Protein chains: 2
Amino acid sequence: MPKQNTVFKDAYNRCLRLLVVGESLPSEPELCSLLGVSRTTVRSILSQMVEAGLIEWNKRSKAVQRPPAKSDYFPEHETSSLSDVIERTFMKRILVGGAEPGMQINELELAREIGVGTTSVREFLIRFSRFGLIEKRPNSHWVLKGFTRQFAEELIDVREMFELKSAAAFAALPIDDPAWAELEALRRAHVEVLADIDSRYLEFSELDDRLHRLIQQASGNRFIIDFYDIIAIVFHYHYQWNKANARERNGKAILEHLDYIEALKTRRPEAVEAACRLHLSSARLSLMQSLATAA
Amino acid sequence: MPKQNTVFKDAYNRCLRLLVVGESLPSEPELCSLLGVSRTTVRSILSQMVEAGLIEWNKRSKAVQRPPAKSDYFPEHETSSLSDVIERTFMKRILVGGAEPGMQINELELAREIGVGTTSVREFLIRFSRFGLIEKRPNSHWVLKGFTRQFAEELIDVREMFELKSAAAFAALPIDDPAWAELEALRRAHVEVLADIDSRYLEFSELDDRLHRLIQQASGNRFIIDFYDIIAIVFHYHYQWNKANARERNGKAILEHLDYIEALKTRRPEAVEAACRLHLSSARLSLMQSLATAA
DNA sequence: TCTGTGTTCTTTGTCGATAATGTGCAGCCT
DNA sequence: AGGCTGCACATTATCGACAAAGAACACAGA
């Protein structure tokens, strides 16, 4: 079984949502940019839609025949790329399943467990190794270093260094930089979520990711920006499976974010640094606490 | 052709140097730790040596029959692992051969050019991507971001942040920490090379690597320590192919290192920071200058 | 003349197969 | 009793193959 056709299936599903009975789909190149895939894939989708009786396709005309039914969609689990599946399975194993530091990781076993070839697992592990949670012994196995308190400390130490630098750079951005507009949009989004915090507190993760990425971006340094990927993946999976006190924690964090945003807007270095430190040490604390309860 | 037997060949060559006529080689496990390979490989080596008439092997006795000749050694180019070969070829291409930023990298083409399978090239590129010089477009090619001034600036900015932190941590190390002994050994090595600088200035690279790694180690932070790999590889290959003013540059750097080491020994934070900054800004300058002439 | 389509070709992502290398166990020698 | 050897087995590194996905180009239609 070579390449999965997940790109096709995912794009097909998204294309279904574009169907409006009576109208015609746009041109192939336009669909390409709409769906973010190549023309080859777009044409496969169109062919498939013809077979399913969803459209009539003749050169430039792609007349929609009927609205898509539930059964027209591919099941969601078939639309995520192989590496995503591997990532999820693996993260679950090391964050939730009791994975002791020092444990060996076996490519073959992992591959069999997930039901994929060894190559994919191998490539995933290589990519993943930059997160510092695993390490390779050449010609031999991988060693799991574990999501320990030690790891979290090291991660957060670097994060603080980088974020302070980025925040300072952000404050120094010229007034007409588009980042300021984005910051304002993000502020509004925070306020909205906060207004309905009890039912929307889970949206905080996304806000958090967006805000911090926006700030890192201002550093103009690829190493700082790339490092945020590590933070993001760790926080993402960790909190996904550790929802204790999420409501309270997220509410508090949103308020801190708003302070942080206000501080940035003043463009005064001392104010920015203070708000940044405050938020980061609070984030550190809650990660450490949730690690304590998890262990 | 599966796995190359470079581990075997390299270990065989190293084992040849252990042969002393009239004596017997040590036990298999001992050879393992001496050569850093598994018993299987050691036993292959012993078998091969029997075939070559170098030793008589009977259970515990491995009597050496004759000294190894030049022709007993495997050619050196057969002893480096595939990924090393790929790395060298690739680095040469992007640092020496005119490689414009934005250029596409083609796995297949690279593989054919080097004469290896695509899998190896692919895995190399994935590993290499963490250095920030290339970037992947999923389902499509890699993009070369180029060893530009911009890249160098970003790299050095982070380096300075990290090294200042590490140097401070080093100065705070307890007096009986083994790092102090290593620092002293390194200082002596510097002095020795300096005494004969005209003929030994090329040894500076190794000293540089050892000193900075020793210092980063003190941070106790895997992200800081791992980041040094990026510095190391960039400096290694860059200066390997840019030897202009090497004699002068290295001599100056050794003096700075000695100052830096002295400052660390005082354990006074201000002295350490000053020496560290001085050396780093000088390193930055010389990298930037050599980039200017290269471009 | 420009944008869209038909067609063909190239490249990537994934797999299974295979030699090299590493690992574990039972018996043997000192 | 402790380390060494002999042997059988498990795992990794590398390759070639092939379907999915992307890219190039000539022609057609507005």
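Every chain is numbered from 1 and lettered A, B, ... according to where its sequence line falls, protein lines coming before strand lines. Note that this is a predicted model, so its numbers are computed, not measured.
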For A/S140 and D/dT11, is the shortest distance between a side-chain N/O and OP1 or OP2 below 4.0 Å? no
Scanning both residues in full, the closest heavy-atom pair of B/C15 with B/L25 reads SG-CD1, 4.5 Å
The helix from C/dT1-D/dA30 to C/dT30-D/dA1: angle between terminal helix axes, five bp per end, to the nearest 10 degrees, reads 30°
Just checking A/E206: does its CD atom have more than 12 heavy atoms from other residues, nucleotides or ligands closer to it than 6.0 angstrom? no
Rounded to whole Å, please give me the gap between NZ in A/K136 and C1' in D/dA13. 9 Å
Do any side-chain nitrogens or oxygens of B/S44 fall under 4.0 Å of OP1 or OP2 in C/dA20? no
B/K9 NZ to D/dA13 P, in whole Å, measures 18 Å
So, B/D229 and B/R213, do they make that salt bridge, N to O below 4.0 Å? yes
For atom CD1 of B/I126 and atom P of C/dT14, their distance in whole Å: 10 Å
Listed pairs, N/O of protein and of nucleotides 18-20 of chain D, under 3.5 Å:
residue, atom, partner, partner atom, Å
D/dA20, O3', A/Q4, O, 3.3

Can you tell me the distance, in whole Å, between the CD atom of A/E107 and the C1' atom of C/dG16? 15 Å
Sugar-phosphate atoms are those with a prime plus P, OP1 and OP2; base atoms are the rest. Using that split, label each nucleotide of nucleotides 1-8 of chain C B, S or - for protein heavy atoms under 4.0 Å, 5' to 3'. ---SBBB-
Ranking A/V37 and A/W142 by the position along DNA chain D of their nearest nucleotide, the one closer to 5' is A/W142
Exam field: side chain A/N221 to backbone B/E154, donor-acceptor pair closer than 3.5 Å: yes
Would you call the rings of A/F8 and A/Y12 parallel, tilted or perpendicular, where under 30° means parallel and over 60° means perpendicular? tilted
Whole angstrom is fine here: how far is it from CG in A/N139 over to P in D/dA10? 19 Å
Calculate the interatomic distance between B/I105 atom CD1 and C/dT12 atom C1'; express it in whole Å. 14 Å
Among residues 111-121 of chain A, which residues get a heavy atom nearer than 4.0 Å to DNA chain C? A/V116, A/G117, A/T119, A/S120
Round to the nearest Å and state the distance from B/N106 atom CG to D/dA24 atom C1'. 14 Å
Ring centres under 6.0 Å, that's the criterion: do B/Y237 and B/F147 meet it? no
Check the orientation of B/F162 and A/F162. Use parallel for under 30°, tilted for 30 to 60°, and perpendicular for over 60°. parallel
Cationic tip of B/R88 above B/F124 ring, under 6.0 Å, 45° of axis: no
Kindly state which residues belonging to residues 79-91 of chain B come within less than 4.0 angstrom of DNA chain D, counting heavy atoms of the residue only, listed by number. B/L82
Salt-bridged, B/E56 to B/K62, with N to O below 4.0 Å? no
Taking only Lys NZ, Arg NE, NH1 and NH2, and the carboxylate oxygens of Asp or Glu, determine whether B/R127 and B/E87 approach each other closer than 4.0 Å. no
What's the CG-P distance between B/L46 and D/dT5, to the nearest Å? 9 Å
By side-chain hydrogen bond (donor to acceptor under 3.5 Å, both in side chains), which residues pair with B/E30, not counting sequence neighbours? none
Does B/K92 have more than 12 heavy atoms from other residues, nucleotides or ligands lying within 6.0 Å of its NZ? no
Under 3.5 Å, is there a donor-acceptor pair between the A/H236 and A/Q240 side chains? yes
